[in-house]
2 protein chains.
Amino acid sequence: MSSDTLRGRILAAGQRITPQRDLIAGVLERAGRPLAAQELCDAVGQEDPGIGRATVFRTLQSLQEAGIVQNVTLLGNQAGYLLCASAGHHHHLVCRHCGAIEDLPEAEVAPFLSGVEAAHGFGVDHATFNIYGACRACAGEEHAGR
Amino acid sequence: MSSDTLRGRILAAGQRITPQRDLIAGVLERAGRPLAAQELCDAVGQEDPGIGRATVFRTLQSLQEAGIVQNVTLLGNQAGYLLCASAGHHHHLVCRHCGAIEDLPEAEVAPFLSGVEAAHGFGVDHATFNIYGACRACAGEEHAGR
DNA sequence: CCACATACTGATACCTAGTCTCAGTTTGGA
DNA sequence: TCCAAACTGAGACTAGGTATCAGTATGTGG
Ligand SMILES: [Mn+2]
Ligand SMILES: [Mn+2]
Ligand SMILES: [Zn+2]
Ligand SMILES: [Zn+2]
């Protein structure tokens with residue numbers, strides 16, 4: 001069960017299991033796409049109105065430290081919180097039509113970064129990418145649809 | 001004179017020249033690196049305390065539309081405002097030691113994006129990069145310095 | 001050079017995301 | 001079961017940014 005995995009990852013990060021964390025991680029997991037702060041707070045409040053705003057943000061912080069949640073920048077510079085299955089450093093392709101997310105493994109960007117380092121004499125030590133467009137499904141529809 | 005150019009670019013975007021825009025663009029130009037909202041407001045207030053906060057943000061908006069200013073994400077997810085000499089779409093390498101910025105032309109990232117499109121069947125229509133590290137000068141110092 | 005539509009400005013109120021503090025509660029290990 | 005440490009909710013607070021509005025400046029066409 002994936003709940004086991006989630007809990008395992010929380011524990012592995014030296015953090016405690018609490019009902020709040022369970023619930024919040026669950027909301028993100030079921031969403032399957034990045035949620036804005038507002039959306040997340042609403043969804044959490046709907047499942048348990050007792051959970052305070054501060055706890056939501058603290059939990060996001062914890063889950064990020066545990067490598068379970070990633071912060072992505074949505075269109076319009078809005079912050080989105082995304083539950084990630086893969087734990088290591090990786091990036092995301094954001095479909096601007098359906099909101100779906102596709103992982104972009106670090107291995108795929110490493111050669112590009114090496115090229116930049118070589119060309120500019122710049123030692124890259126951290127990089128994030130915000131890549132927006134149409135996922136395969138949506139690109140197909142758009143092409144066929146009109 | 002670069003002031004001519006700046007004004008030209010503002011006018012070309014169908015916007016009016018005002019003392020406030022002149023001053024704010026000047027502050028950014030002299031900074032030579034991205035400024036956070038706070039820093040910018042402080043610097044502006046120091047040169048002319050009469051300029052209101054709202055005007056600073058509106059001006060940033062206008063200058064962005066005119067392609068003169070770009071919004072970059074500094075470390076810690078802080079927004080930075082950067083005056084860019086080159087007008088077209090391009091990216092930036094941010095030195096985390098001295099704050100210096102190096103332009104990364106779109107042409108250098110295009111092949112990478114094409115590769116992503118091919119590999120994922122994903123139609124990229126907008127991408128931004130946040131690349132942090134050590135510029136040539138700082139990398140040299142670090143290597144030699146200790 | 002003047003008149004005038006329109007763009008712009010400052011003040012101010014407002015909003016949202018996110019942080020901080022603090023007193024009380026829960027967790028999980030010994 | 002006991003306890004230190006981690007966590008929680010409430011609520012105050014901050015920072016970045018936007019909306020409104022009445023007044024002012026800009027630049028264009030006459
Ligand atoms: Mn992911
Ligand atoms: Mn630039
Ligand atoms: Zn899609
Ligand atoms: Zn440097």
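Just so it is clear, the structure is predicted and the values come from calculations on it, not from any experiment. Every chain is numbered from 1 and lettered A, B, ... according to where its sequence line falls, protein lines coming before strand lines.
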**Report entry** Residue pair A:H90 / A:E108, side-chain donor-acceptor N/O under 3.5 Å
**Finding:** no
What I'd like to find out is whether the side chain of A:F129 reaches to under 4.5 Å of the side chain of A:H92, using heavy atoms alone. no
Of B:P49 and B:G14, the one whose nearest nucleotide on DNA chain C sits closer to the 5' end is B:G14
Chi angles and distances behind the salt bridge (Lys or Arg N to Asp or Glu O under 4.0 Å) call for B:E47, B:R30: CA-CA 13 Å; B:E47 300 202 14; B:R30 268 166 268 131; 2.7 Å; yes
Rounded to whole Å, CD of B:Q61 lies from P of D:dA19 at a distance of 10 Å
Whole-Å distance, B:F57 CZ to C:dC15 C1', equals 14 Å
Judged by nearest nucleotide, the residue sitting upstream toward the 5' end of DNA chain D, A:A54 or A:R21, is A:R21
note: B:E39, atom CD; D:dA15, atom P; distance rounded to Å ~ 14 Å
A:I17 CD1 to C:dG28 P, in whole Å, measures 6 Å
message = Students often get this wrong, so: under 4.0 angstrom with heavy atoms, is B:A37 touching a base, only sugar-phosphate, or nothing?
response = sugar-phosphate
From CG of A:D42 across to P of C:dA17 the rounded distance in Å is 9 Å
Taken to the nearest whole Å, CG/A:L60 to P/C:dT16 is 18 Å
For C:dT9, take OP1 and OP2 only and decide whether either is under 4.0 Å from a side-chain N or O of B:T18.
yes
TODO: May I ask you to verify whether the side chain of A:R16 and the base of C:dG29 hold a donor-acceptor pair under 3.5 Å?
DONE: no
Problem - Any B:Y81 side-chain N or O less than 4.0 Å from OP1/OP2 of D:dG17 - result: yes
**Prompt:** Would you say the side chain of B:R58 and the base of D:dG17 hold a donor-acceptor pair, judged only by whether the two atoms sit under 3.5 Å apart?
**Reply:** no
Whole-Å distance, A:L40 CG to C:dG18 P, equals 10 Å
Between CD of A:Q20 and P of D:dT8 the distance, given in whole Å, is 5 Å
Problem - Beyond-backbone contact of B:D22 with B:L6, side-chain heavy atoms, under 4.5 angstrom - result: no
query = Is there a donor on the side chain of B:R53 or the base of D:dG17 sitting less than 3.5 Å from an acceptor on the other?
reply = yes
Per atom distances to the A:Q38 side chain, the nearest of C:dA17, C:dG10, D:dT8 is C:dA17
Taking for B:A79 and for B:P19 the nucleotide of DNA chain D with the nearest heavy atom, the one nearer the 5' end belongs to B:A79
> Just by distance, with hydrogens left out, do A:H91 and A:E106 show a side-chain donor and acceptor under 3.5 Å apart?
Replying inline: yes
